[in-house]
2 protein chains.
Amino acid sequence: MPNNQFKKGELYSFITGKASTAIARRLQKKFNTAGLNITIEQWSVLYHLWKQEGISQQELCNATFRDKPSITRLVDNLEKLNLVKRVASEHDRRINLIYLTKQAQKLQEETMALADETLNEALETVPTDKVDICKEVLQIVYDNLK
Amino acid sequence: MPNNQFKKGELYSFITGKASTAIARRLQKKFNTAGLNITIEQWSVLYHLWKQEGISQQELCNATFRDKPSITRLVDNLEKLNLVKRVASEHDRRINLIYLTKQAQKLQEETMALADETLNEALETVPTDKVDICKEVLQIVYDNLK
DNA sequence: TTTGGATAGTTGCACAAACAACTATATGCC
DNA sequence: GGCATATAGTTGTTTGTGCAACTATCCAAA
């Protein structure tokens with residue numbers, strides 16, 4: 001039984017992702033405390049736009065592992081907050097290219113620092129090599145199922 | 001820099017829990033394909049009730065890492081589906097004890113088999129010792145932040 | 001050049017999550 | 001006993017997610 005290493009009692013955490021839920025909640029609280037009026041999900045979209053802006057909504061779907069309606073609404077809300085702009089592509093009028101506003105550019109440094117802080121709190125006392133193995137396993141899980 | 005082992009590019013997956021999202025979606029699809037009309041979140045509540053029924057909503061909050069309103073509504077929906085019953089406690093009238101219906105008892109075996117199957121698909125090609133380390137790290141993360 | 005299929009994005013609906021504010025009940029202290 | 005405080009649960013609101021159905025545009029083949 002090669003991959004049957006889960007006892008029943010351990011199923012639950014893996015499926016429900018309690019660890020990532022805890023990380024996301026902690027980071028959200030840091031955003032709120034800092035007076036940053038954005039959600040973790042909105043931040044995750046900005047995160048990819050900071051790496052590269054001017055990408056389509058479809059590309060944001062792939063990057064964030066969300067479906068098209070989810071991205072439509074996240075972009076809606078980010079637009080309401082004046083953090084991104086939809087710009088119609090010139091060669092393909094089906095496509096919206098998403099650009100950051102100046103206001104969103106200002107958020108990068110502060111929110112990334114809070115994210116770093118959160119991960120350091122999460123991984124306190126965990127040796128580096130175990131973290132690396134954990135990341136590796138989660139990446140394989142994602143690749144196996146996506 | 002003891003716990004600074006995350007490069008920027010790796011932040012994202014850890015916070016958004018792409019792996020657990022992928023697992024949950026796969027399991028949800030298996031439920032749907034099997035004609036089982038329940039959500040992963042409802043299943044996670046049943047999961048704890050199969051281990052021990054007749055516990056309070058507050059105990060379900062602790063077990064599932066959800067807040068009270070979330071449990072209220074999950075129990076509402078499970079009651080509508082005739083899967084659980086609220087029974088007022090006799091010694092403390094603030095408390096609802098949650099019991100499984102016969103219909104819910106019948107779901108245990110089939111859904112647990114689908115969950116096992118999902119985890120086997122997720123962990124295909126991952127050696128057991130790495131899975132153990134991954135579980136250990138996620139548990140520490142949860143304990144550090146909860 | 002038209003037409004049929006693919007792709008990008010939006011909208012409607014049901015379900016879930018987080019927070020705040022609320023009701024009802026219990027408990028501890030004077 | 002009576003009151004302050006804590007605890008259990010509910011409700012309202014905003015935001016996000018997944019699915020299905022829809023519109024608009026593009027592209028390729030007849």
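So you know, we letter chains A, B, ... as the sequences are listed, proteins then strands, and number each from 1.
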Which residues in residues 61-76 of chain B have at least one heavy atom lying under 4.0 Å from any atom of DNA chain C?
B:Arg66, B:Asp67, B:Pro69, B:Ser70, B:Arg73, B:Leu74

Between residues 20-45 of chain B and DNA chain C, which residues have a heavy-atom gap below 4.0 Å?
B:Thr39, B:Glu41, B:Gln42

Ion pair check, A:Glu41 and A:Arg73, cut-off under 4.0 Å
no

Working to the nearest 0.5 Å, report the span between CG of B:Leu100 and CD of B:Gln108.
8.5 Å

Of all nucleotides in DNA chain D that come within under 4.0 Å of a heavy atom of chain A, which is furthest toward the 5' end and which toward the 3' end?
D:dT15 to D:dC26

Just checking, any donor-acceptor pair under 3.5 angstrom between side chains of A:Glu124 and A:Asn120?
no

Quickly, which of A:Thr101, A:Thr39, A:Val84, A:Leu49 forms a side chain to side chain contact (heavy atoms under 4.5 Å, CB included) with A:Leu78? Name it, please.
A:Val84

Atom OH of B:Tyr47 and atom CG of B:Leu60: how far apart are they, to the nearest 0.5 Å?
13.5 Å

Distance in Å, B:Asp76 CG paired with B:Ile71 CD1, rounded so as to fall on 0.5 Å steps
11.0 Å

Answer yes or no: side-chain N or O of A:Arg94 and base N or O of C:dT7 forming a donor-acceptor pair under 3.5 Å.
yes

With no hydrogens and no angle check, just 3.5 Å: does a side-chain donor-acceptor pair link B:Asn82 and B:Gln103?
no

Under 3.5 Å, is there a donor-acceptor pair linking the side chains of A:Ser56 and A:Arg94?
no

Is the shortest distance from a Lys or Arg side-chain nitrogen in B:Lys85 or B:Glu79 to a carboxylate oxygen in the other one below 4.0 Å?
no

Could you check how far CG of B:Asn77 sits from P of C:dC15, rounded to whole Å?
6 Å

Tell me whether the OP1 or OP2 atom of C:dT7 has a side-chain N or O from A:Gln57 closer than 4.0 Å.
no

Roughly, in whole Å, what's the span from CG in B:Asn96 to P in C:dA24?
15 Å

With distance as the sole test, does A:Ser70 use its side chain to make a donor-acceptor pair with the main-chain N or O of A:Arg66 at under 3.5 Å?
no

